[in-house]
Amino acid sequence: MIETKPTRNLALELVRVTEAAALAAGRYMGRGDKNAADRAAVEAMRLILNTIQMDAIIVIGEGEKDEAPMLFNGERLGTGEPPLLDIAVDPIDGTRPVAMGLPNSIATVALAPRGTMFNPGPAVYMNKIAVGPEAKDVIDIEAPVRDNLMKIAKARGEDIDDVTVVVLDRPRHADLIADIRKCGARIRLIPDGDVAGALMTAFPDSGVDVLMGIGGTPEGVLAAAALTCLGGAIQGKLYARNEEELRLGQEMGYDFDQVLTTADLVSSDNVFFAATGITNGDLLKGVDYFADGAVTDSIVMRGLTGTIRRINATHRLTKLSAISEIDY
């Protein structure tokens, strides 16, 4: 009989990262200052990430290094010891909802073995379609909207008018929204946060069946990491906002006609993902502060085992502040 020891579940360490980011950013909810919220989340996230035993390089970050305290592409995090990892971070998926006190803002982070995460380079936008496990084999981003919705409905054992599509509320989606309405499907418009929108497609109680539309490429990679754990799927095609962006991307070897699958975006199932709610949303509750404490709601996933954990944590802020540099 061959004995196998359980391998280390880094997702259980990542949840401390997203909890810290959410606790720090949550103080800025509704204050109208998204930069201050983002700065607080970034600083908290970096501090905790650097305590984890790993040698990680940020593939999905917040741009090139500058004077701002961002988690920049190419930055190394962790203690510098193995394992060698790629990391994707979004300290706040939905900075505007935090600033305005709106729903569906989360802190997210994902890890995968070195060299397995898609680096979007200058291609910051992507046309996407994402679904849960039931419809993962039937989507085709190059097919008409009606074809996708009909196949998704059939895969889920539903009629097309039972299907709910989540779409970012942007002027660029006017034609997409019109096509969905012509099909008779329902639409849930969201102001921001398409990582959460993609994740919701894999949770039956979310009321969302599919995400469609153009959003961030970094958010697409984070969503791919989570959907790898959840058994769902995402497809995307890089989207250039103008001729200059297209030219630059093509010069760097990016193919804007290629269909990128879940495996193209994250080419390993040994992936870890964590998210914590900052403001109340359909997927996660926001940070709830009380005298000398706060409660957070998180989700933690591991692709290798398919284990999904929901973690409700109570934090004592006086105790944390006494031992941490983070301003809770």
Side-chain angles (χ1 to χ4, degrees), residues 14-46 48-49 60-63 68-71 88-110 124 128 130 166-170 188-203 206-208 211 213 215-223 225-227 273-289 294-301 310-313 315 326-328:
L14 288 185
V15 74
R16 294 178 55 240
V17 175
T18 56
E19 286 173 346
L23 287 167
R27 290 295 192 188
Y28 293 89
M29 187 185 79
R31 294 186 179 181
D33 191 344
K34 66 180 184 180
N35 290 333
D38 198 38
R39 184 179 303 109
V42 164
E43 291 174 349
M45 187 169 273
R46 177 183 281 116
I48 305 300
L49 280 167
I60 302 295
E62 299 190 310
M70 299 296 101
L71 286 156
V89 298
D90 197 347
I92 304 179
D93 177 39
T95 51
R96 188 162 66 97
V98 173
M100 304 305 295
L102 298 171
N104 287 324
S105 179
I106 62 176
T108 66
V109 63
V124 295
K128 312 173 198 175
V166 65
V167 181
L168 279 172
D169 189 6
R170 298 288 188 274
R188 183 182 298 184
L189 293 174
I190 56 174
D192 294 277
D194 60 344
V195 175
L199 266 63
M200 285 191 289
T201 66
F203 289 91
S206 73
V208 170
L211 173 139
T217 308
E219 288 82 356
V221 177
L222 276 158
L227 289 168
F273 179 92
T276 300
I278 303 174
T279 61
N280 283 329
D282 299 291
L283 182 66
L284 294 163
K285 293 180 180 178
V287 180
D288 183 14
Y289 295 95
V295 175
T296 56
D297 183 29
S298 303
I299 189 165
V300 182
M301 312 181 199
R310 301 297 297 252
I311 297 179
N312 181 267
H315 309 267
I326 299 169
D327 183 10
Y328 291 110

Cation-pi geometry met for Arg39 and Tyr28 (6.0 Å, 45°): no
What heavy-atom pair brings [X] and [Y] nearest, and what distance separates the two atoms?
{"X": "Ala274", "Y": "Leu14", "value": "CB-CB, 3.8 Å"}
{"X": "Thr279", "Y": "Ser105", "value": "OG1-N, 3.1 Å"}
{"X": "Ile278", "Y": "Pro91", "value": "CD1-O, 4.0 Å"}

4.5 Å side-chain heavy-atom contact, Ser298 and Arg310: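 No - every pair of side-chain heavy atoms lies 4.5 Å or more apart.
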Does a side-chain heavy-atom distance below 4.5 Å link Pro218 with Asp90?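 Side-chain contact under 4.5 Å: no.
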Distance from [X] atom [atom1] to [Y] atom [atom2], nearest 0.5 Å?
{"X": "Leu102", "Y": "Ile190", "atom1": "CG", "atom2": "CD1", "answer": "12.0 Å"}
{"X": "Asn312", "Y": "Lys285", "atom1": "CG", "atom2": "NZ", "answer": "7.0 Å"}
{"X": "Asp297", "Y": "Ile311", "atom1": "CG", "atom2": "CD1", "answer": "10.0 Å"}

Residues two or more places apart in sequence or in another chain: which of them pass side chain to side chain contact (heavy atoms under 4.5 Å, CB included) with Ala21?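 Expected list: Ala41, Met45, Ala107.
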Side chains of Thr276 and Thr18 only: does a donor on one sit below 3.5 Å from an acceptor on the other?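 Looking only at side-chain atoms, Thr18 and Thr276 do form a donor-acceptor pair, the distance falling under 3.5 Å.
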With side-chain contact (heavy atoms from CB on, under 4.5 Å) as the test, pick out the partner of Phe273 among Leu222, Leu227, Val15. Leu222
Do the side chains of Arg170 and Asp192 get close enough for a salt bridge, i.e. N-O under 4.0 angstrom?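 A salt bridge links Arg170 with Asp192.
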